[in-house]
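I have placed the structure first, in the form of structure tokens, so that the comments after it can refer back to it.
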Amino acid sequence: MPAGRPGPAAQSARRPPPLLPLLLLCVLGAPRAGSGAHTAVISPQDPTLLIGSSLQATCSVHGDPPGATAEGLYWTLNGRRLAPELSRVLNASTLALALANLNGSRQQSGDNLVCHARDGSILAGSCLYVGLPPEKPFNISCWSKNMKDLTCRWTPGAHGETFLHTNYSLKYKLRWYGQDNTCEEYHTVGPHSCHIPKDLALFTPYEIWVEATNRLGSARSDVLTLDILDVVTTDPPPDVHVSRVGGLEDQLSVRWVSPPALKDFLFQAKYQIRYRVEDSVDWKVVDDVSNQTSCRLAGLKPGTVYFVQVRCNPFGIYGSKKAGIWSEWSHPTAASTPRSERPGPGGGACEPRGGEPSSGPVRRELKQFLGWLKKHAYCSNLSFRLYDQWRAWMQKTHKTRNQDEGILPSGRRGTTRGPAR
């Protein structure tokens, strides 16, 4: 983009115009010769210039109308009167204007350059288009929802803003044959996107590109080649259910249904789960769910509400080797873990009774196992029956000992002492 200090005319274009009708001249049509009480014309009419360019314009009054000689004329740009030193009288009926180092147009429909008579009436107008040619669009990405359609989006060049109305067209065709097609449903997932709703072929690559055009030129993106089967995504998994695992205070069970829209197709699927505490915005993601439709989350906080979401990545459709595209996350589903019945951090710990063989090595091994389990949501096909039995026994044992023996504030178990010797 050409740099430089804006001239007075360019600076004036940044100020708010005092009259709305003047801003609408280029939208509704600027006055032309013979359209007002006086006959005048601006030359050049509706010029298109690069940012940083200069403009030499004239306003010529035809005939000899009273009060409309060159000495009484003045210019406005977007409703703002331009400084007198920017103009000069060429003859009795012509006033010239010189603008330097122009900034980009304030409105894509063009800036309003207007010639006025002494009394302020409009004699003639011109639309001034100042901007940049479009740059090469890039970063085209596309995806197909359940192999029924195709949506693409792109980035409009390195700088993007051209200050002029720029038209973007998404073109596509079968790679080895067929004619060019133009996408028709734009702005479906953002300002630079387009949706092709139907009539797409499978097992045949497409070539896709974007063309950008405006008053100053055109540009074309690189061609993206893709197969619909390689860019398939689907709806979020439906019917996500989250429930407790019996009385286990640090676990929740999550179940869902595979994508129904792809039930008739040969494909694989992998899933991700994420969950968070009710009063937090930080999600923890579980990646190792593979192709199951259920998972057990472990290492959770007792008595806590969790929000859970699931998403799906269909891949390997009809043998495709691509990684697939993740769906959106499902709607959050909430569930709470049971409250803990164990003593808090200030309570005492149950130690082995005197004379009983120490179970220290076993406890250390269990601690190591549970420590790992609390760091990883345990989602595997292994049976939980033995683990569940052990956890239930542990909770029951803790509860029974706490009730029968009591927990003293000092952290020691209550005992019955015999008479002192």
Side-chain angles (χ1 to χ4, degrees), residues 1 108 131-236 259-270 272 311-329:
M1 178 182 299
Q108 291 187 347
L132 297 169
E135 294 184 314
K136 176 181 176 180
F138 68 101
N139 196 27
I140 303 175
S141 61
C142 303
W143 60 95
S144 174
K145 193 73 165 289
N146 302 319
M147 295 186 290
K148 296 179 180 179
D149 63 1
L150 189 67
T151 301
C152 298
R153 59 185 169 197
W154 60 90
T155 302
H159 296 97
E161 179 61 69
T162 64
F163 299 94
L164 302 174
H165 175 71
T166 302
N167 182 62
Y168 292 91
S169 297
L170 179 78
K171 303 292 184 69
Y172 64 100
K173 72 180 185 103
L174 293 173
R175 184 176 186 181
W176 293 297
Y177 56 90
Q179 61 182 5
D180 293 359
N181 300 283
T182 302
C183 183
E184 297 181 355
E185 297 183 9
Y186 289 89
H187 314 299
T188 51
V189 291
H192 303 292
S193 64
C194 196
H195 176 239
I196 305 170
K198 58 182 180 179
D199 299 331
L200 293 168
L202 301 179
F203 307 103
T204 302
Y206 276 93
E207 292 183 347
I208 299 172
W209 67 96
V210 177
E211 296 177 357
T213 57
N214 67 13
R215 288 173 167 266
L216 286 172
S218 62
R220 173 174 165 158
S221 71
D222 293 333
V223 175
L224 171 68
T225 302
L226 61 82
D227 192 312
I228 300 296
L229 299 178
D230 294 335
V231 293
V232 176
T233 186
T234 187
D235 301 299
L262 297 177
K263 64 181 181 179
D264 296 329
F265 298 97
L266 179 63
F267 77 103
Q268 297 176 334
K270 53 185 176 182
Q272 276 187 342
R311 66 176 180 173
C312 175
N313 183 341
F315 68 98
I317 297 179
Y318 291 128
S320 171
K321 302 298 184 182
K322 299 297 182 178
I325 298 175
W326 287 104
S327 71
E328 298 293 330
W329 290 101

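Worth saying up front: this structure is predicted, and the values here are computed from it rather than measured.
- One finds a salt bridge joining K145 and D235 here, because a Lys/Arg side-chain nitrogen approaches an Asp/Glu carboxylate oxygen to under 4.0 Å.
- Taking 4.5 Å as the limit, some side-chain heavy atom of L229 sits within range of a side-chain heavy atom of M147.
- For the pair S221/I140, a side-chain contact is recorded, criterion being any heavy-atom separation below 4.5 Å from C-beta on.
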Next on the checklist: Is there a side chain to side chain contact (heavy atoms under 4.5 Å, CB included) between I208 and L150? Walk through the geometry before answering.
Outcome noted: CA-CA 11 Å; I208 299 172; L150 189 67; 3.7 Å; yes
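- Looking at S327 and R311, their side chains come closer than 4.5 Å, going by heavy atoms from C-beta outward.
- Contact detail for Y186 and L170: the closest heavy-atom pair is OH-N, 3.0 Å.
- Here the NZ-CZ distance, from K136 to R220, works out to 10.5 Å after rounding to the nearest 0.5 Å.
- We find the CZ-OG1 distance between R215 and T162 to be 11.5 Å, quoted to the nearest 0.5 Å.
- The line from NZ of K171 to SG of C183 is 11.0 Å long, rounded to the nearest 0.5 Å.
- Of the possible polar contacts, one joining the T166 side chain to the L164 backbone as a donor-acceptor pair under 3.5 Å is found.
- The aromatic rings of Y172 and Y206 are tilted relative to each other, their planes meeting at an angle between 30° and 60°.
- Counting all heavy atoms, side chain and backbone alike, K173 lies closest to Q179 at CB-O, 3.4 Å.
- Taking OG of S193 as the reference point, atom OH of Y168 lies at 13.0 Å (rounded to 0.5 Å).
- No more than 12 heavy atoms of other residues, nucleotides or ligands shown are found within 6.0 angstrom of CD on E184.
- Closest heavy-atom contact between E161 and Q108: OE2-NE2, 4.3 Å.
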Item to check | K270 vs W326, side chain to side chain contact (heavy atoms under 4.5 Å, CB included): CA-CA, chis, key distance, verdict | outcome: CA-CA 9 Å; K270 53 185 176 182; W326 287 104; 4.0 Å; yes
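- Between P137 and W154, the closest heavy-atom pair is CB-CD1, 4.2 Å.
- Between T233 and I325 the shortest heavy-atom distance is OG1-O, 3.3 Å.
- Expressed to the nearest 0.5 Å, how far CD of E135 lies from OG1 of T155 amounts to 12.0 Å.
- Atoms CZ and CG, on F138 and L224 in that order, are 14.0 Å from each other to the nearest 0.5 Å.
- The minimum heavy-atom distance linking P205 with T225 is given by the pair CB-CG2, 4.0 Å.
- The SG atoms of C152 and C142 are placed within less than 2.5 angstrom of each other.
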Next on the checklist: For a side chain to side chain contact (heavy atoms under 4.5 Å, CB included) check, start with the C-alpha distance between T188 and R153, then their side-chain angles and the critical distance, and finish with the verdict.
Outcome noted: CA-CA 9 Å; T188 51; R153 59 185 169 197; over 6 Å; no
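- For the pair S144/D149, a side-chain contact is recorded, criterion being any heavy-atom separation below 4.5 Å from C-beta on.
- The neighbour count for Y177 OH, taken as heavy atoms of other residues, nucleotides or ligands under 6.0 Å away, does not exceed 12.
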